[in-house]
Protein chains: 4
Amino acid sequence: MSEATKVAQARPDTRERIQSVALELFAEQGYDKTSLREIAERLDVTKAALYYHFKSKEDIVTSLVEDYFGQIDQLVAWGRTQPRTPASRAEVLRRYYAIVAGAGEVFRMLQHNQASVNSLAHKNRSELFRERMDALVSVLTEPDPPLDSQLRAAVALASVSFGCMFYADRAEDPAQLQATVLDIAFGLTGAGP
Amino acid sequence: MSEATKVAQARPDTRERIQSVALELFAEQGYDKTSLREIAERLDVTKAALYYHFKSKEDIVTSLVEDYFGQIDQLVAWGRTQPRTPASRAEVLRRYYAIVAGAGEVFRMLQHNQASVNSLAHKNRSELFRERMDALVSVLTEPDPPLDSQLRAAVALASVSFGCMFYADRAEDPAQLQATVLDIAFGLTGAGP
Amino acid sequence: MSEATKVAQARPDTRERIQSVALELFAEQGYDKTSLREIAERLDVTKAALYYHFKSKEDIVTSLVEDYFGQIDQLVAWGRTQPRTPASRAEVLRRYYAIVAGAGEVFRMLQHNQASVNSLAHKNRSELFRERMDALVSVLTEPDPPLDSQLRAAVALASVSFGCMFYADRAEDPAQLQATVLDIAFGLTGAGP
Amino acid sequence: MSEATKVAQARPDTRERIQSVALELFAEQGYDKTSLREIAERLDVTKAALYYHFKSKEDIVTSLVEDYFGQIDQLVAWGRTQPRTPASRAEVLRRYYAIVAGAGEVFRMLQHNQASVNSLAHKNRSELFRERMDALVSVLTEPDPPLDSQLRAAVALASVSFGCMFYADRAEDPAQLQATVLDIAFGLTGAGP
DNA sequence: TATGAATGAGGGTTCATTCAT
DNA sequence: CATGAATGAACCCTCATTCAT
């Protein structure tokens with residue numbers, strides 16, 4: 001048996017398997033309603049094994065979220081280096097779409113567990129969400145934007161998220177969904193292709 | 001019993017006080033993270049007293065949500081009796097805005113506790129939200145709408161909700177917020193004043 | 001059945017029964033080695049019942065210790081009001097003997113669980129013991145005593161404690177034990193009858 | 001392997017380093033409250049490594065205690081060969097002082113963890129302490145001593161221990177402490193220099 | 001109306017210990 | 001010599017809920 005094959009079979013990375021199962025359950029039933037016992041049973045390991053890989057239940061969800069928020073933060077950082085043109089706005093929205101679509105399950109999980117995720121210790125207040133939202137809005141608008149522009153940008157972002165979440169399983173063609181969603185978002189922010 | 005006597009009794013309507021405190025805590029910390037002990041302590045009664053007024057914890061949250069969902073359902077029912085004109089679409093959006101703005105805390109609570117609320121017993125799956133969303137979309141669109149129209153309607157609704165939730169505390173003038181939000185929503189659904 | 005009888009029988013004060021069983025087990029096996037399950041089982045109640053009466057395991061031991069340390073503190077306070085005469089020293093030692101003899105089991109428990117009791121939260125360091133010891137020494141000596149006098153006082157106190165702990169079950173006659181122990185202690189501190 | 005090479009190896013004697021760290025932690029926080037994880041972390045090795053050197057947690061503490069109790073047992077054995085004279089009593093006390101002073105940390109650890117140490121397996125009951133205490137008392141007294149003499153001997157021993165533990169860090173001069181403590185002990189047992 | 005006392009189930013977490021490598 | 005990964009048992013604690021009074 002080749003080395004590669006062996007690696008592929010030998011229960012590749014318990015840590016990742018935990019993340020995967022946890023993500024699924026958190027998204028489906030909620031963070032609080034999902035017990036570590038349940039996660040462990042699905043993986044056919046003991047609860048204690050989870051603690052070898054993560055130092056707490058919170059730590060599991062944090063590891064999931066960090067990656068996602070990291071991508072958002074990177075996008076914001078990149079956006080800040082760009083001029084505020086219709087084309088760059090479009091690119092921001094396109095990239096945001098890619099992130100949300102890519103991290104679909106994580107996003108759903110976050111959406112379903114806002115209360116739990118917000119009290120994660122990290123930040124004193126429920127700013128994890130708002131903070132990112134505001135940052136994204138700011139790269140989609142001129143400095144010191146009027147309420148109207150802020151709202152349009154926020155709604156554009158929301159439309160991307162909503163499109164992915166509510167319609168991902170209804171659109172016949174993912175490409176069409178993407179096109180439609182982005183078209184709406186472009187219209188709201190005056191972004192051009 | 002005279003009105004005066006009633007007032008003299010300290011805090012007469014315990015049931016409503018429970019709802020009020022519960023709503024606040026559920027919205028703030030999440031349904032699962034809020035224990036009956038906590039609610040009882042805030043009200044300075046015993047846990048057992050809560051069971052005199054509600055038959056379970058679920059029952060408390062249900063009582064909160066029912067009213068809100070009832071209003072939505074009424075709106076949908078009303079919408080179904082109307083012709084699909086730009087003016088009626090506008091009216092639907094206006095009424096939706098009123099509901100969301102009026103039940104602000106309940107809405108926030110729902111938003112923060114989707115996972116918990118979805119597993120409330122009523123329905124087997126997370127259909128409480130999607131169901132209403134779909135119903136509202138359907139009164140905002142022609143029968144059998146293309147994906148594009150569905151999405152625009154959905155985003156219009158989302159923009160109303162988001163506007164209320166994220167910007168309620170930032171807009172100087174509530175009336176201005178309402179006008180702006182509805183303007184966006186009208187644009188998305190081709191609704192006319 | 002008379003009211004008094006009923007009170008006497010009807011499981012008089014679960015709270016006190018918990019304290020009593022806990023004390024016995026803590027003294028016998030040690031605080032850390034005694035689980036709440038064990039205590040609950042002996043009382044034929046559930047673990048949760050313990051939490052109705054005490055807010056934590058620590059709280060149980062604290063409730064036990066507080067009474068004992070309270071008596072010591074009272075003795076110190078009283079001692080401070082007295083002139084430093086041989087007769088008053090004798091009285092302090094006599095009262096100390098009474099406390100130790102009276103709270104025999106608590107004292108044994110403390111003796112056996114110094115490590116656990118010292119990390120009780122209350123004080124940052126293991127000062128619960130030393131603090132009292134020093135206070136007692138100070139009422140048995142002149143102000144600013146030389147090392148020699150301090151030591152004699154400390155040893156006198158220790159002899160009282162040791163006498164009670166190690167010899168309580170060997171002396172044929174408690175009164176004789178008390179007399180002997182106090183005689184030694186008087187000799188060490190120059191206390192007179 | 002040359003001496004130089006051996007020294008070049010970082011921290012050769014792991015076994016002794018384990019004992020040293022364990023002793024410190026057991027004395028400070030207590031045996032039960034000190035986990036193997038903690039010990040391992042301080043030494044920057046894994047828990048499993050501890051099991052290479054000791055076959056259990058108990059084994060660590062046993063290795064610490066054995067040496068100390070061994071010295072006491074030797075002292076008792078020696079004492080038994082001596083005539084019961086004031087001079088030999090003095091010598092016993094002197095040697096006891098040396099042991100306690102020498103094994104200061106071990107003694108403190110024992111003192112703080114009586115409950116844990118007593119349930120070490122060896123003996124069914126808390127006899128490790130009492131047994132030694134009784135043996136020492138017996139070499140300090142005539143055969144079949146009256147209660148009074150027993151108590152004086154016991155208190156003498158206790159004064160040595162207490163002196164070391166409570167006053168070691170307060171006396172300016174160790175030699176003076178030793179002299180004072182032994183003076184008290186001699187007085188109690190009628191031992192002469 | 002409400003309380004005091006209790007329960008049963010389950011939660012997350014930690015521990016000493018093992019064993020193949 | 002030592003580690004990485006895992007186990008099984010137990011732990012303290014909290015929860016929603018009940019019921020006699």
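Proteins come first, then strands; the chains are lettered A, B, ... in the order of their sequence lines, and each starts at number 1.
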Looking at every non-hydrogen atom in both residues, tell me the closest pair between [X] and [Y] and how far apart they are.
X: D:Val61; Y: D:Met109; result: CG2-CE, 3.7 Å
X: B:Leu64; Y: B:Val106; result: O-CG1, 4.1 Å
X: A:Tyr31; Y: A:Asn113; result: N-OD1, 2.6 Å
X: A:Ile60; Y: A:Phe26; result: CG2-CE1, 4.3 Å
X: B:Glu24; Y: B:Arg42; result: OE2-NH1, 3.4 Å
X: B:Ala115; Y: A:Gly30; result: CB-CA, 3.5 Å

Roughly how many Å is it from [atom1] in [X] to [atom2] in [N], rounded to a whole number?
X: B:Ile18; N: E:dA2; atom1: CD1; atom2: C1'; result: 11 Å
X: D:Arg15; N: F:dA2; atom1: CZ; atom2: C1'; result: 17 Å
X: C:Arg17; N: E:dA5; atom1: CZ; atom2: C1'; result: 13 Å
X: C:Leu50; N: F:dT14; atom1: CG; atom2: P; result: 13 Å
X: A:Ile39; N: E:dT13; atom1: CD1; atom2: P; result: 11 Å
X: C:Leu43; N: E:dT7; atom1: CG; atom2: C1'; result: 15 Å

Annotated structure of DNA chain F as dot-bracket, pair cut-off 3.5 Å, Watson-Crick or G-U only, | for inter-strand, is .||||||||||||||||||||

Can you pull every protein N or O that's under 3.5 Å from an N or O on nucleotides 15-17 of chain E?
from	atom 1	to	atom 2	distance (Å)
E:dC15	OP2	D:Arg37	NE	3.3
E:dC15	OP2	D:Arg37	NH2	3.0
E:dA16	OP1	D:Lys57	NZ	2.7
E:dA16	OP2	D:Leu36	N	2.9
E:dT17	OP2	D:Tyr51	OH	2.7
E:dT17	OP2	D:Lys57	N	2.8
E:dT17	O5'	D:Tyr51	OH	3.1
E:dT17	O4	D:Lys47	NZ	3.3

Between A:Tyr52 and F:dA5, is there a contact of a side-chain N or O with OP1 or OP2 at under 4.0 Å?
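Answer is yes, contact under 4.0 Å.
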
Phosphate oxygens OP1/OP2 of E:dA5: is one of them under 4.0 Å from a side-chain N or O of C:Thr14?
->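 Checking E:dA5 against C:Thr14, no side-chain N or O comes under 4.0 Å of OP1 or OP2.
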
Q.
Taking the C1' atom in each of F:dT21 and E:dT1, what is the distance between them to the nearest angstrom?
A.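 F:dT21 and E:dT1 have their C1' atoms separated by 13 Å.
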
Hey, could you give me each pair passing salt bridge (Lys or Arg N to Asp or Glu O under 4.0 Å) that has a residue in residues 108-117 of chain D? Not counting sequence neighbours.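 Every salt bridge (Lys or Arg N to Asp or Glu O under 4.0 Å) pair that includes a residue of residues 108-117 of chain D, provided the two are not neighbours, is D:Glu105-D:Arg108.
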
### Message
Nearest 0.5 angstrom please: B:Leu23 CG to B:Ile39 CD1, how far?
### Response
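Answer rounded to 0.5 Å: 10.0 Å.
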
- Item | Within-4.5 Å side-chain heavy-atom neighbours: C:Gln19 and C:His53 |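 Side-chain contact under 4.5 Å: no.
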
Quiz prompt | Whichever of D:His53 and A:Val45 has its nearest DNA chain F nucleotide further upstream toward 5' | solution =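 The answer here is D:His53.
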
